[in-house]
Student: 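One structure is given below, represented as structure tokens, and several questions about it will come after.
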Amino acid sequence: MSATPREHTRTYYLGKLATELEQRGLTATLRSYPPALRISDPETETVMLAETIDCVPMPEGWFYRWSWGELVAAADDPAVAAERILRVLRR
């Protein structure tokens, strides 16, 4: 199956977020279809502290989104999204 331009954009933004998360010590694995990140903290003993983040287009631009549908942050600022994700996973 060939990726659409929308999937390329989504993958681009997820890649930027993965870089930010890895710089903060988290593990981020890109799922190819549909594109999403599986994020975990290697410092925890349980996989229960893992999250899947996707990236969605909205009229205001692209946004990272939690698995339950709430927006994390604008995709134009992956550093802000990474800090929010880090806070949730390291509670």
Side-chain angles (χ1 to χ4, degrees):
M1 179 184 305
S2 178
T4 66
R6 178 174 278 184
E7 289 169 341
H8 287 297
T9 302
R10 182 176 285 120
T11 301
Y12 167 78
Y13 283 127
L14 290 170
K16 291 177 71 77
L17 178 58
T19 299
E20 292 287 339
L21 292 165
E22 289 167 355
Q23 289 173 354
R24 289 162 174 78
L26 298 178
T27 300
T29 305
L30 180 63
R31 182 181 70 198
S32 61
Y33 190 81
L37 285 179
R38 181 72 174 161
I39 302 161
S40 61
D41 186 349
E43 294 181 12
T44 63
E45 296 178 9
T46 176
V47 293
M48 295 300 290
L49 293 176
E51 179 58 37
T52 300
I53 301 290
D54 67 357
C55 190
V56 294
M58 302 190 77
E60 303 84 16
W62 285 83
F63 289 84
Y64 298 114
R65 183 174 64 178
W66 296 103
S67 60
W68 59 85
E70 185 178 328
L71 297 180
V72 177
D76 288 337
D77 199 346
V80 167
E83 285 299 322
R84 289 180 181 159
I85 293 165
L86 183 67
R87 276 196 307 263
V88 168
L89 290 181
R90 291 211 170 146
R91 281 189 181 172

Student: Quick one: side chains of residues 15-23, donor-acceptor pairs under 3.5 Å with protein atoms, not counting sequence neighbours, listed by atom name and distance.
Tutor:
residue : atom : partner : partner atom : Å
T19     : OG1  : G15     : O            : 3.2
E20     : OE1  : R24     : NH1          : 2.7
E20     : OE1  : R24     : NH2          : 3.4

Student: May I have the step-by-step check of side-chain contact (heavy atoms from CB on, under 4.5 Å) for W62 and V56, ending in yes or no?
Tutor: CA-CA 6 Å; W62 285 83; V56 294; 5.5 Å; no
Student: As an exercise, state the distance from CG of L37 to OG of S67, rounded to the nearest 0.5 Å.
Tutor: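 The CG atom of L37 sits 12.5 Å away from the OG atom of S67.
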Student: On the 0 to 90° scale, with breaks at 30° and 60°, tag the Y64-Y13 ring pair as parallel, tilted or perpendicular.
Tutor: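 Ring orientation, 0 to 90° scale: perpendicular.
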Student: Can you tell me how far CG of D41 sits from CG of L89, rounded to the nearest 0.5 angstrom?
Tutor: 6.5 Å
Student: Flag the pair E51 / W68 as yes when at least one side-chain heavy-atom distance between them is below 4.5 Å, and no otherwise.
Tutor: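 The answer is yes, as the side chains (C-beta and beyond) meet within the 4.5 Å cut-off.
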Student: Between R38 and T52, does the side chain to side chain donor-acceptor pair (under 3.5 Å) criterion hold? Intermediate values first, please.
Tutor: CA-CA 5 Å; R38 181 72 174 161; T52 300; 3.2 Å; yes
Student: Quick one, V88 and R84 - any side-chain contact, counting heavy atoms below 4.5 Å?
Tutor: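 Side-chain contact under 4.5 Å: no.
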Student: Ignoring hydrogens and geometry, is there a side-chain-to-backbone donor-acceptor pair from R31 to P34 under 3.5 Å?
Tutor: yes
Student: Under a 3.5 Å distance rule, please check whether R65 uses its side chain to pair with a backbone N or O of D54 as donor and acceptor.
Tutor: no
Student: Determine yes or no for a side-chain-to-main-chain donor-acceptor pair under 3.5 angstrom, with Y12 supplying the side chain and E7 the backbone.
Tutor: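 Checking the backbone N and O of E7 against the side chain of Y12, no donor-acceptor pair under 3.5 Å is found.
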Student: Following the transitive rule for hydrophobic clusters with a side-chain heavy-atom cut-off under 4.5 Å over Ile, Leu, Val, Met, Phe, Trp and Tyr, establish whether L30 and V72 coincide in one cluster.
Tutor: yes
Student: Would you say H8 and P35 make side-chain contact, with heavy atoms under 4.5 Å?
Tutor: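 Side-chain contact under 4.5 Å: no.
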Student: In sequence, state the C-alpha distance, the side-chain angles, and the governing distance for W66 and I85, and then conclude on side-chain contact (heavy atoms from CB on, under 4.5 Å).
Tutor: CA-CA 9 Å; W66 296 103; I85 293 165; 3.8 Å; yes
